Amino acid sequence: MLIGELSRRTGVNAHQLRYYESQGLLEADRGANGYRDYAEAAILRVQQIRHLLAAGLSSEDIAYLLPCAVGPAPELAGCPELLSAMRSRMARLEEQLAKLARSRDALADYIDAAERTGAEHYPPFDEPARVPA
């Protein structure tokens, strides 16, 4: 099937499908006219890619995991290399969550301090701040 048909059947735009191909996630044959020609199995592969992207995996992670993917959800075989890659990704996500939590807490502290101080000590945002002489 041509890229437009794959796009229609998966709900993924052609630009994204070309990106998946450039990342080695999706394969297409080329016709004599140079058009991409996808096998029927490409539909399942796109579904797998979309689910894995939704899990926060990078295209590099997905390229590594796809050979172990079964079904549209997909299910992944639990080989040691695969589990190591997923645990590494989980650790990176946990680190990002902790950093966001620290940022949220710091911002909440600033908001609390600003509310306690009161607006009478600050010029309105639309007026330039006066620098003492």
Side-chain angles (χ1 to χ4, degrees):
M1 80 189 85
L2 297 178
I3 197 167
E5 176 70 8
L6 182 59
S7 175
R8 186 186 66 73
R9 292 177 67 184
T10 60
V12 175
N13 71 47
H15 176 76
Q16 289 172 302
L17 296 172
R18 286 189 290 274
Y19 174 76
Y20 297 163
E21 187 178 345
S22 74
Q23 297 298 301
L25 306 177
L26 189 61
E27 294 180 9
D29 292 325
R30 294 287 183 153
N33 56 9
Y35 291 174
R36 290 172 172 84
D37 184 20
Y38 295 94
E40 192 71 21
I43 295 169
L44 175 63
R45 180 54 54 107
V46 171
Q47 291 170 339
Q48 292 171 336
I49 293 167
R50 299 300 290 174
H51 281 282
L52 293 168
L53 285 170
L57 296 168
S58 69
S59 57
E60 184 179 336
D61 292 335
I62 294 170
Y64 184 76
L65 302 177
L66 275 176
C68 301
V70 177
E75 292 181 25
L76 301 171
C79 60
E81 298 84 5
L82 176 65
L83 289 170
S84 175
M86 289 190 296
R87 285 185 179 117
S88 174
R89 178 63 179 144
M90 179 71 83
R92 289 192 310 265
L93 286 173
E94 293 291 344
E95 187 177 304
Q96 290 173 326
L97 287 169
K99 184 177 180 180
L100 285 171
R102 288 190 301 273
S103 294
R104 180 197 59 222
D105 293 345
L107 184 56
D109 290 344
Y110 283 121
I111 291 169
D112 289 344
E115 289 174 342
R116 281 192 309 274
T117 303
E120 65 275 2
H121 298 288
Y122 298 100
F125 283 108
D126 57 352
E127 293 179 14
R130 296 189 186 118
V131 178

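Just so it is clear, the model here is predicted, and its values are computed rather than measured. If you read the sequence from its start, that first residue is 1, and numbering goes on from there. When reading the values below, keep in mind they use all heavy atoms of this one structure, side chains included, and skip hydrogens, waters and symmetry mates.
- Among residues two or more places apart in sequence or in another chain, the salt bridge (charged side-chain N to carboxylate O under 4.0 Å, His left out) test is passed with Arg18 by none.
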message: Under the criterion side-chain hydrogen bond (donor to acceptor under 3.5 Å, both in side chains), I'd like the reasoning laid out for Gln47 against Arg50: C-alpha separation, chi angles, the key distance, then a yes or no.
response: CA-CA 5 Å; Gln47 291 170 339; Arg50 299 300 290 174; over 6 Å; no

Please tabulate, one pair per line, all N/O donor-acceptor pairs under 3.5 Å involving side-chain atoms of residues 95-112, not counting sequence neighbours.
unit_1, atom_1, unit_2, atom_2, d
Ser103, OG, Lys99, O, 3.2

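- When hydrophobic clusters are built by joining Ile, Leu, Val, Met, Phe, Trp and Tyr residues whose side-chain heavy atoms come closer than 4.5 Å, directly or via intermediates, Leu57 is grouped together with Leu53.
- Not a single donor-acceptor pair under 3.5 Å links the side chain of Gln23 to the backbone N or O of Glu60.
- The structure places CE of Met1 at 9.5 Å from CZ of Arg8, a figure rounded to the nearest 0.5 Å.
- Atom CD1 in Ile3 sits 5.0 Å away from atom CG in Leu17 (nearest 0.5 Å).
- Taking a 6.0 Å sphere around CD of Glu27, one finds it holds 12 or fewer heavy atoms contributed by other residues, nucleotides or ligands.
- Taking Arg92 as the reference, Asp61, Ser88 meet the side chain to side chain donor-acceptor pair (under 3.5 Å) condition, with sequence neighbours excluded.
- Taking CD1 of Ile43 as the start and CD of Glu5 as the end, the distance is 7.5 Å to the nearest 0.5 Å.
- One finds the CD atom of Gln48 at 6.0 Å from the CG atom of Leu66 (value rounded to the nearest 0.5 Å).
- Counting heavy atoms of neighbouring residues, nucleotides and ligands inside a 6.0 Å radius, atom CZ of Arg87 does not exceed 12 of them.
- A heavy-atom distance below 4.5 Å is found between the side chains of Val12 and Tyr20.
- The distance from atom CD1 of Ile62 to atom CZ of Arg89, rounded to the nearest 0.5 Å, is 9.5 Å.
- Minimum heavy-atom separation, Pro74 to His51: CD-CB, 3.8 Å.
- Nearest heavy atom pair, residue Arg36 against residue Ala28, reads CB-CB, 4.0 Å.
- Both Tyr19 and Ile49 belong to a common hydrophobic cluster when Ile, Leu, Val, Met, Phe, Trp and Tyr are linked at side-chain heavy-atom distances under 4.5 angstrom.
- Leu83 and Tyr64 fall within the same hydrophobic cluster, where Ile, Leu, Val, Met, Phe, Trp and Tyr residues are linked whenever their side-chain heavy atoms come under 4.5 Å apart, directly or through other members.
- When all heavy atoms are compared, the tightest approach of Ala14 to Ser7 is N-OG, 3.8 Å.
- Taking CG of Asn13 as the start and CG of Leu6 as the end, the distance is 11.0 Å to the nearest 0.5 Å.
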